[in-house]
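The structure under discussion appears below in the form of structure tokens.
Predicted, not measured: the structure shown is a model, and the values here were computed from it. Counting from 1, the numbers follow the sequence of the chain as shown.
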Amino acid sequence: MAASSLSLTWASTKISNKLNVHHLNESAQQTALPTNIKCLRETATHEQGHHKRRAVLLGAAALTATLFPSTPLLALEKPLNYEAFVDTIDGYSYYYPSDWRIFDCLGHDSAFKDRYMQLQNLRVRFIPTDKKDIHDLGPMEEVITDLVTKIYSAPNQFATIAQMEERSEDGKNYYTVEFTLSSRNFEASHFATIAIANGRYYTLIVGANDRRWRKYRNQLKVVADSFKVLDI
């Protein structure tokens with residue numbers, strides 16, 4: 001696993017209609033994955049054309065190799081106070097805090113949030129891509145910088161990148177970035193992990209407001225580091 005880190009700050013660039021941005025430059029194309037979109041009520045359904053499929057939620061008793069032998073998560077011991085989310089249809093998996101609740105979030109395939117603090121949440125989405133690997137997007141520093149400053153941040157926010165890392169597992173490569181988005185009256189921090197597989201560009205984002213981040217950062221890092229893509 002290779003890793004590098006840096007700390008930088010930018011004022012974000014305004015991008016109209018972020019949900020439909022598909023081309024910024026060669027290293028950032030196919031990455032229109034904003035964090036500040038509106039999530040729906042828990043009982044709502046996605047307002048997208050594709051059919052919503054509920055993935056398999058696996059508790060401790062269900063984590064056996066006989067269920068999904070090809071799932072990399074099952075080869076490892078589940079961390080204490082986490083549950084496993086495995087979507088063998090769409091090809092990804094991750095751990096989430098066991099006291100979080102699933103909810104529907106517009107534009108995302110799966111999402112969980114803290115029982116009491118809705119802004120402390122995670123969500124996963126994917127879009128089609130002709131790339132085969134995240135290395136095809138360009139150098140990690142350029143890819144991450146474009147994502148955070150041009151896609152993830154809103155026009156009125158300042159973006160600070162604290163750290164970026166690369167890891168490789170089971171022949172798949174991942175970039176993870178820790179970043180903070182600040183505005184005049186609000187600040188929140190996030191981890192984002194990206195990967196490419198199955199002709200899809202996957203992104204998991206997990207975050208919390210500044211006060212909660214200081215307390216729960218390490219817990220949320222487990223989520224970001226657990227994200228894996230599966231062959232489908």
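Pairing each heavy atom of L220 with each of A208, the nearest pair is CD1-CB, 4.1 Å. Pairing each heavy atom of V86 with each of L230, the nearest pair is CG1-CD1, 4.2 Å. Summarising the geometry of R200 relative to D90, their closest heavy-atom pair is NH1-O, 2.9 Å, with the distance given to 0.1 Å. The shortest non-hydrogen separation linking H190 to G207 is ND1-CA, 3.7 Å. The heavy-atom pair separating L181 from A159 by the smallest distance is CD2-CB, 3.8 Å. Here the shortest heavy-atom pairing between V222 and P79 reads CG1-CG, 4.3 Å.
For the side chain to side chain donor-acceptor pair (under 3.5 Å) test, residues two or more places apart in sequence or in another chain that qualify with R214 are D210. For the side chain to side chain donor-acceptor pair (under 3.5 Å) test, residues two or more places apart in sequence or in another chain that qualify with E187 are S182. Residues satisfying the ring-ring contact (aromatic ring centres under 6.0 Å, His included) criterion with W213, sequence neighbours excluded, are F191. For R184, there are no salt bridge (Lys or Arg N to Asp or Glu O under 4.0 Å) partners at least two apart in sequence or on another chain. Scored by the salt bridge (Lys or Arg N to Asp or Glu O under 4.0 Å) test, R211 finds no partners at all (sequence neighbours excluded). Looking at residues two or more places apart in sequence or on another chain, you find a side chain to side chain donor-acceptor pair (under 3.5 Å) between N173 and D133, S168.
Judged by distance alone, the side chain of N198 and the main-chain N or O of I232 form a donor-acceptor pair under 3.5 Å. The closest donor-acceptor contact from the side chain of E142 to the backbone of P139 lies at 3.5 Å or more, if one exists at all. Judged by distance alone, with hydrogens and angles left aside, the side-chain atoms of S98 form a donor-acceptor pair with the main-chain N or O of N81 at under 3.5 Å. Between the side chain of T193 and the backbone N or O of L204 there is no donor-acceptor pair closer than 3.5 Å. In this structure a side-chain-to-backbone donor-acceptor pair under 3.5 Å is present from S226 to V223.
Considering only heavy atoms from C-beta on, E178 comes within 4.5 Å of R217 through its side chain. Residues V229 and Y174 are in side-chain contact: their nearest non-hydrogen atoms beyond the backbone lie under 4.5 Å apart. Looking only at side-chain heavy atoms (C-beta outward), I196 and Y202 stay at 4.5 Å or farther from each other. Two residues are said to be in side-chain contact when any heavy atoms from C-beta on lie closer than 4.5 Å; K113 and L122 fail this criterion. Two residues are said to be in side-chain contact when any heavy atoms from C-beta on lie closer than 4.5 Å; Q163 and E165 meet this criterion. Using a 4.5 Å heavy-atom cutoff, the side chains of Y82 and Y96 are not in contact. Put simply, the side chain of V177 does not reach to within 4.5 Å of the side chain of M140, judged on heavy atoms.
Annotation: the span from Y95 atom OH to K78 atom NZ amounts to 7.5 Å, rounded to 0.5 Å. Rounding to the nearest 0.5 angstrom, the gap separating the CD atom in E141 from the OH atom in Y175 is 8.0 Å. Taking CG of D136 as the reference point, atom CG of D130 lies at 9.0 Å (rounded to 0.5 Å).
In this structure, F112 has its ring center under 6.0 Å from that of F85. Y152 has its ring centre less than 6.0 Å from the ring centre of F179.
With 3.5 Å as the limit, one finds a donor-acceptor pair spanning the side chains of Y94 and S110. With no hydrogens or angles considered, no side-chain donor-acceptor pair links T180 and T160 at under 3.5 Å. Using a 3.5 Å distance cut-off with no hydrogens or angles, the side chains of Q118 and Q120 do not pair a donor with an acceptor.
Taking hydrophobic clusters as Ile, Leu, Val, Met, Phe, Trp and Tyr residues chained together by side-chain heavy-atom distances below 4.5 Å, I127 shares a cluster with I144. Tracing side-chain contacts under 4.5 Å through hydrophobic residues (I, L, V, M, F, W, Y), one never reaches Y216 starting from F186; they form parts of separate clusters.
Salt-bridge check for R167 with E169: passed, with a basic side-chain N closer than 4.0 Å to an acidic carboxylate O. Ionic pairing of D146 and K150 is present here: one or more N-O contacts between side-chain nitrogen and carboxylate oxygen are shorter than 4.0 angstrom.
Just one of R101, K215, R212 meets the salt bridge (Lys or Arg N to Asp or Glu O under 4.0 Å) condition when paired with D114; it is R212.
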